[in-house]
Structures are given as C-alpha cells and as structure tokens.
Amino acid sequence: LAFVLRSLSSCRVLVVGAGGIGCELLKNLVLTGFKKIEVIDLDTIDVSNLNRQFLFQKKHVGKSKAQVAKESVLRFCPSANITAYHDSIMNPDYNVEFFRNFQLVMNALDNRAARNHVNRMCLAADIPLIESGTAGYLGQVTVIKKGQTECYECQPKPTQKTFPGCTIRNTPSEPIHCIVWAKYLYNQLFGEEDADQEVSPDTADPEAAWNPADAAARATASNKDGDIKRVSTKEWARSTGYDPVKLFNKLFKDDIMYLLTMDKLWKKRKAPLPLDWTEIHHLGACGTGLKDQQVLGVQGYAQLFHRSVETLRSQLIEKGEGAELVWDKDDPPAMDFVTAAANLRMNVFSMNMKSRFDVKSMAGNIIPAIATTNAVIAGLIVLEALKTLNSEFDQCRTIFLNKQPNPRKKLLVPCALDPPNPSCYVCASKPEVTVKLNVHKTIVQALQDKILKEKFGMVAPDVQIEDGKGTILISSEEGETEANNNKFLSDFGIRNGSRLQVDDFLQDYTLLVNLIHSEELEKDVEFEVVGDAPDKAPTPSVPEEGKNIANGNKDSAQPSTSSKAAEDDDVLIVDSDEEPSSSTMEASPESSNRKRKHHGTDTDDAASKRKRLDQQPADDDEDIIALD
Amino acid sequence: PVERKKQSNIISEEEAAQYDRQIRLWGLDAQKRLRGSRVLLVGLRGLGAEVAKNLILAGVKGLTLLDHEQVTEESRRAQFLIPVDADGQNQAQASLERAQLLNPMVEVKADTDAVGSKPDDFFFQFDAVCLTRCSKDLMVRVDQLCASRNIKVFCGDVFGYHGYMFSDLGQEHHYVEEKPKVVKGSNEANDGPEAKKPKVDPNETTMVKKTVSFCSFKAALEVDWTNEKAKNNLKRIPVDYFLLQVLLKFRTDKGRDPQPDSFAEDSQLLLQIRDDVLETMGLSSELLPNTFVSYCFSEMAPVCAVVGGVLGQELVKALSQRDAPHRNFFFFDGLKGSGVVDYFGSK
C-alpha cells in the first residue's frame, strides 16, 4: 500500500466533469495522494448545485465549475498540481494524443454522448477508464480497459421510449404526454418550428380510421403531418396577434372538438372535454408548502396561460423580426407556459393536474440528486483507481449502490467485470452494423445527424460509399458536402445491400454500415438498427425509487423536447443534471447569457446535452454475477 | 431534546432554490424535519469531516463539532476542512470556518472539550449524536444515555480499508415510506354513464407509516456465540463484525488506533487481541485470518468517503423520519468493494 501511495504523486489523471461526482472525486484524489490532476467541465455553477457540489459556494454562481473546483481544492492542498479546462471534452483539441498523457481517466459525467465519446478516446489511446453514475439514492462504478473488459458501448443501451405522434397529438393518457405536447407547442409558437413536433390533431392517425383503406386515403390526401389547417401554428398565431384568448379557444376548444369528430378514437377511451375561456370559474388552491408545489385549478392555469403568452409575445417582439425563443426550464415565462398548457390539456383529457414543481421535473428532465450518493460513488472510484493503476484488473469490479440491502444483505454489490463483446460495434476489431431504412426517403442530413451522430455516437463522421468509386457522401470538413445534405440516399445510387464506410478521425473509429432498404418501417420510425433491443421493450422497473420522477433523456439521442419520456430502465446510472438553461452552439466562456460551452452535435433545446441513463435494479439480477 | 421537532412551516425561496434537488428526492416534509434538527458530531478526522460535510449540505438546523485533539500534519492531511496553517490548533475549531461556508443556513459550532468529560445533560440538547474515534465504553455510555430519550445514536470509524457504522434509533423509531398508489375504481374526474376510466397515473404514490426497534450498542457487541444456532449462522456473518471487536479492544488497551509508525508492534498486538477476543467468544482464530493486519492502519480517504456517505444518509433518514433505516450495522470492506448491512443484538 505504501508503495502505491508513493508512486501516486507522479501519476497524471484526467477527471471529466466537475459536478456532483466530480467535486467529491477531486477531493478524494487529492486526499489519497494524487498530485497531477486535470479536470474539464463545460458548465457553470448554478444555485441548485450547492446542495451537493461542495467545492462551490453561493458567491461562485455563474462561474466555471472546473475553475472554481480547482481553486477550492488548492485551498486545502496547495501542493496539488491541477489544470482546469472550461470546455467540452468533445472539442477536437482533446485528441488521442491528449488522452495519452494520462495514466487514468475518470468520468464524472451526466450524459451518454460524452460517455460514448470518452469511451472511444480511451480505447483509441489505450488508457483505462473508470465510468460511474448516480441518480437519487442509486449509483454505479465500473472499470473499462481495452482488450480486457467490456467497453462502455459493448452492451447496447436501451434507447428511450418514444411516444407516437398520435398519442401526443390525439390521445394522451398520461401527464407526460401533455407536457411533451406543451413543449412542442412552445416551439411551434415561439421557437424553432420542427416538423417532428406537430401539435394539431393528426387526421392520419391509423386508429381514427374505420377501415384501413380510409386511413391510407387520409394519409396520402392530407399533408405529411396531417395538419388540419394549411397554415402553420405559428402563422396562425401571428395572424391573431398571439391573442391569448383566441389561442386558448383554438387549442383547448376547437381542436378538441375536432378530435371528438374522430369518434373511433373515443369508443374505448374517455373522450376529451373541451374548455371555453368564458366558462371557467373555479378558484385556485392555497397551501403552506412551496408555492410551486400547489396545484392550481383550471381557472388558475387559464390565467397563467394568458399571462405567459403575453409575456412571451413581448419577448418575441423585443427580439425583433424572425426571432425565435429557446425553451429553458429556468426561464419563468417559458416554464409558466408549459405548466399552464400542459395542465389545461390534462384537464381536457380528465387527468389529475400537476404542480409547477412536478411539471418542471418532467419537462426539465430533472433528476433528484444528493451529496451522500455522490460521496459514496466517488470513494469507490478512487478505490478502483488504485487497483487499476497497479494493473490489478482481476481485482477490479463493477459496484452497484442500492437504496436498501438486497436479500443477501448487500448495500454495495461488487460484480465481476465482463470481457469485451466480440460483436461490439465500437471496440471489436472491424466493427460492422446493419441499418434498415428507406433509401428513397432518408436524406443525407438525417443519416449524419440521427444515425451516425445520435445513434452511433460519432462527433465528426466522414462517409464513403463502397461503390468501387469511393464516392464521398459526407465530409467532416465544414461546407464540403453541404450540397448533399438534402438529397436522398438513393440519389447516390445507394440501395438495398449498399455499404458505407464511416470514419470518425477524432475518435479513431471506423464503422462499416450495411444498409437494408425497407418500405415497411413503423410510423414515426426513420431507421432501425438490426440486432438492437426493440425500443418499446418493457424494462425492469427501479425498485428503490417509489416515485417515477425520472424522465426525459436518459439516452444520448434525441432532444428532450421530442416525444420521449423516461422509463426507469436498467444499465448505467448517470449523475443526471437537468437541461442547462438556454441553447445551442459553441458559446464562449465569456458570454454571460450562455450557461455552458456546447459542442456541435447539440440540437435545439440544449436539453440534448442532458442525457441520462436509467438505473440498474441493483439486486442480484439475471445479468449480474454478484461476488461473495 | 424537544419531544417533537418544531417545524417551521415556511420554507424560504433561498432554501427552496438551494435544496431543490434533494426536496425532489425526499420531499418537503423531510426537508423541514431536517431543518429543525440539531446534531452532535464527535471526532473531526477523515470520517468526521465527511459526515460534517454531508449533514451541513443536507441542511440541518445546527451541527456541533466536538473534538479535543490538536491538529497534526497527519490529521490535517486526512481531511479537507482544516487550513494548511492550522497545526497545533484544536481540530474542531480549525474545521469550523470551512464547515460553515459549506452552507451558511446551518448553525455550525465548535466545542473543544473531550466528550468523556461532558455531563449527561449536555447530550440532551441534540436530536442525534454521531460518535467517531470513541472508545467502546464511551460509546456504550452515550448510547445508553441518549437512546432512552429518543436521541438517535450513531457510531462509526474507519480503520485502513475497513469501516463500519452502527445505529441505535431507539425502541420505537417511526418513519414513512413512499409507495406507489394502488387505485381501485375510477378517479373523480370521471363523469357520465358512458365515461370510460381514464388511465391511472402510474406516478401517484402514497405514504405508509412504519415502526422499527433497535437494540443498544452494548447488546450488539455482546452477542453470545456459544450456542448452536449462532454457530450455524457463522458462515453468513460478516467477518468485519469480529474485526471491529478486535479494533475496539486495541483502542481501549492502547488509547489509540493502529499506527503505521508502529506497524511491527501494533501488528503483533492485533494478532494477540484477535486470539483473545475470539477465544472469549468461543470461536476459532481462523475466523479472522492474519492478513487483516495489513489493511487496518490509518484512515483511507476513499473509505472515509464511502462510510461517511452511508453514515450521513442514515442520519438524514433518521432525522427526517423517512425511509427504512439500515439496521443496525453497516460494514464496508474497501478491498472487495462490498458493503453489507446486518443486525446484531437482541431481536
């Protein structure tokens, strides 16, 4: 032990993330004797971090997490040599050479995209990686070593359950459907309009048709999105001057009445009850709890709707011509709007309404977090780190932290590490995948963004068609293949059986993609990865948490605004943090409006960065071999 | 302490913002109870500092840091609250400033007395007491004193790679658990003869009240192993329980814990004590193989973090009266990464 501790001072380690786990980890590393530590985090400090990220105080709100963490640690260990980066780990500056500087990398992240990326970088550099995550009372730590253990992507992680468009637009049955609808509505009215985020009744709903021929006819007759009006929601709103009462009546009365005409939908379901602005008379509730935790009545939410529409309308006017707002859970009128609209819709569909507090949890993908869980996990990370640095990989374990002891009395459950998956599409020697899609309907942009980046975790893909000519379909160099973006794959001669060679040079990763052409994909499904677990497979529920608080993106892929909801699934827990405020691309650290620096793959709602995975039921499960 | 914690019903905006992520986990009610709780923490070395941090961040009303020892280079390096120039100062005093900065909303105090010198009624002002680095006799005394007054008692220590936590929440500890609601029949939003049942929100939950009892520390350590039933169960007993007995005896005999500086003589003594202790219990020395001596010297920081995290959370649970407490020991083995909860004592 003494020998290990002495040589620790010369070890260089990288900590990715300076949040909940990161703060605890930095403290543990330094107290254990590590001296050369580099820490990177793109985020800035928020007041809601202060219940657990103990290296930060109130006076630090708004400052860089990595920077302040470094300063706080130096205060109790001035001899530590810490380098802080206020930056995204996905920045190409942090290439394989950068990673090779370290003897060990430890993740303290909260989203899958970054985890996938660091996984690949560590494989490319052949540096051991310690992965971890927490959510609420639960946590997990594991060790990843190329060639010896599974990599982070060896086991396909379940992607998020998605709600079909017609559930969101026609037949919501749970509050989350209404909340997703409300967020779509925000974007349609005030933000960036998205064809995947329609809010009006869907006439092409297959359930609405009395016979299949009818459905087909409707589908081809109407617009692609089945919108009942030819004008977009935003255009319509503009034409009324964003009149809150007119908006209210359209959304909660007229559109609902239209839905009622689709009577087949209501044969086995309770029919929605339209609201009329002039008829609402109930008073709101009062209480002694947090104001946010009260559930207002319909009148209260109607008023809130009215107020927030007016405020957002002013915000739009202020920003000028062609302005678009970005939804942010910490922007009060934006949160008010979603709270109000979601609740009004819940009321229409006879669901119990939710407080702003609860709506914020769901809409903002907030995962509850406490100091102690992070403290335990960070302690375990360092213990695994010591074994790893001694190359004692046979001693390394995956360790699960439960909320309650399992039947064998274990609160902390160590499990043997698995060997690499020979068919892993990341760490196998010549990885290949097969993707099913419609070559006549998939455009190059979608291939790049939704398949290669979101699904397969690449950051800057280069794509060549194996057509004997080496045709370049996508180049990671900006602008080079922009002309291809809106063309269909079939335009390039791609058809059933075509193969694509995809490279991400930053990640030192090559993937061969086999394409299967299909015209029979389900509605709303753009592609399928052959051999993947089906998205809709039921997943084991989390035993510990009584309340299904968790939602939104537990997955790398889609922005939280899309029709996704969380299911408590298995696999790695993430120290989840909610959507950061405000939006998108590369913000410079100096920009006061931006909370964090972003990397290019992010899409609208900033929420895309917030990916979290669900929790492993940490009892001895079929998949886990617990050690005694 | 007060029979019932006074609950201020108003939670300020500042508290709501700061505690948001934990209120979303354990609820507002639990947070209010925490906010009314006063805790005594004895011992500010590695483990103590971790517990202090966890309780202060959680938002208790008051935390008293009690430690009569002076800061040495070794003790300063073991924790993150003491400034680098504080050698020679009292440990609790030196930790105070940084501890307070963790959360200005908590009243943090330092007390430089030795806990053994405190009169009985000193303890009665607290809702919970957490003892680290205390002798067995002291822990037994304080536990006896407090548990009968519904003061929650916790003990914990870290010895090298090993650590433990013990709790005595009294004869009748009441708490609530949140369970998913089972809804029968239609909910009130239904109306009309043709109305179909709307889908029940699977997220709705209900609070269930429970009660559990704990035994004293004395009873927990004086389990009789000579009867047949106990002997048969031995295989399932964490060895750490016996390791704890050995280390507590060492502490009593030597007035300190095993130190790396005296590794040779301390190791010898540990093996001797192991033989004595197990023999007195009527058990074989093989139960605790010799290798244990290599791994129980000094406090390892990551082990303090793990044990301090579990101990801190148990304090939070007990004070907030929410969620089933671990009953009554938690043992952590940092070599294996295993953490076990087990009950010792009169059932």
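All chains are named by letter (A, B, ...) in the order of the sequence lines, taking the proteins before the strands, and each is independently numbered beginning at 1. Nothing here was measured: the structure is a model prediction, and the numbers come from that model.
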Q) side chain to side chain contact (heavy atoms under 4.5 Å, CB included) between B:E50 and A:N28: does it pass, once the steps are laid out? A) CA-CA 11 Å; B:E50 289 286 337; A:N28 292 343; 4.2 Å; yes
Q: Mind running side chain to side chain contact (heavy atoms under 4.5 Å, CB included) on A:Q395 and B:K336 for me, showing each step along the way?
A: CA-CA 8 Å; A:Q395 299 294 319; B:K336 297 190 196 148; over 6 Å; no
Q: Mind running side chain to side chain contact (heavy atoms under 4.5 Å, CB included) on A:L383 and B:Y161 for me, showing each step along the way?
A: CA-CA 9 Å; A:L383 290 168; B:Y161 272 95; 3.8 Å; yes
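Interface remark: A:F56 contributes no atoms to any contact with chain B (heavy atom separation under 4.5 Å). For B:Q79, the part sitting under 4.5 Å from any heavy atom of chain A is the backbone (N, CA, C, O) and nothing else. Using a 4.5 Å cut-off between heavy atoms, A:K409 touches chain B through backbone and side chain atoms alike. Only the side chain of B:R98 comes within contact range of chain A, with heavy atoms under 4.5 Å apart. Residue A:L31 touches chain B through both its backbone and its side chain, counting heavy-atom pairs closer than 4.5 Å. In this structure, the portion of B:F332 lying under 4.5 Å from any heavy atom of chain A is its side chain and not its backbone.
More than 12 heavy atoms of other shown residues, nucleotides or ligands fall within 6.0 angstrom of atom CD in A:E392.
Distance CG/B:D20 to NZ/A:K360: 6.0 Å, rounded to 0.5 Å. Rounding to the nearest 0.5 Å places CG of B:L57 at 10.5 Å from CD of A:Q53. Interatomic distance, CZ of A:R52 versus NZ of B:K53, reported as 12.5 Å (0.5 Å rounding). Rounding to the nearest 0.5 Å places CG of B:L28 at 11.0 Å from CG of A:D292. With rounding to the nearest 0.5 Å, the separation of CG in A:L386 from CG in B:L335 is 10.5 Å. One distance of note links OG1 of A:T372 with CD of B:E314; it measures 9.5 Å at 0.5 Å rounding.
The minimum heavy-atom distance between B:R24 and A:S361, with the atom names listed, is NH1-OG, 2.8 Å. Across all non-hydrogen atoms, the minimal contact from A:V376 to B:G309 is CG2-CA, 3.8 Å. The nearest pair of heavy atoms linking A:L412 to B:G337 is CB-O, 3.8 Å. The minimum heavy-atom distance between A:G379 and B:P302, with the atom names listed, is O-CB, 3.4 Å. Summarising the geometry of A:F76 relative to B:V84, their closest heavy-atom pair is O-CG1, 4.1 Å, with the distance given to 0.1 Å.
By number of non-hydrogen pairs under 4.5 angstrom with chain A, the leading residue of B:A324, B:A78, B:P83 is B:A324. Counting heavy-atom pairs closer than 4.5 Å to chain A, the top-ranked of the candidates B:G312, B:C304, B:A17, B:P260 is B:A17. Chain A forms more heavy-atom pairs under 4.5 Å with one residue of B:I82, B:D323, B:L81 than with any other, namely B:D323. Chosen from B:V310, B:L102, B:I56, B:L101, the residue pairing most often with chain A at heavy-atom distances under 4.5 Å is B:L101. The candidate from A:K58, A:E384, A:K387 with the greatest count of non-hydrogen atom pairs under 4.5 Å with chain B is A:K58. Of the listed residues (B:A305, B:G334, B:P238), the greatest number of heavy-atom pairs within a distance under 4.5 Å of chain A belongs to B:A305.
Under the side-chain contact (heavy atoms from CB on, under 4.5 Å) test applied with B:R21, the options A:N51, A:I370, A:L50, A:I367 reduce to a single match, A:N51.
Listed by chain and number, the residues in a ring-ring contact (aromatic ring centres under 6.0 Å, His included) with A:F34 amount to none (sequence neighbours excluded).
The closest donor-acceptor contact from the side chain of B:R236 to the backbone of A:R408 lies at 3.5 Å or more, if one exists at all.
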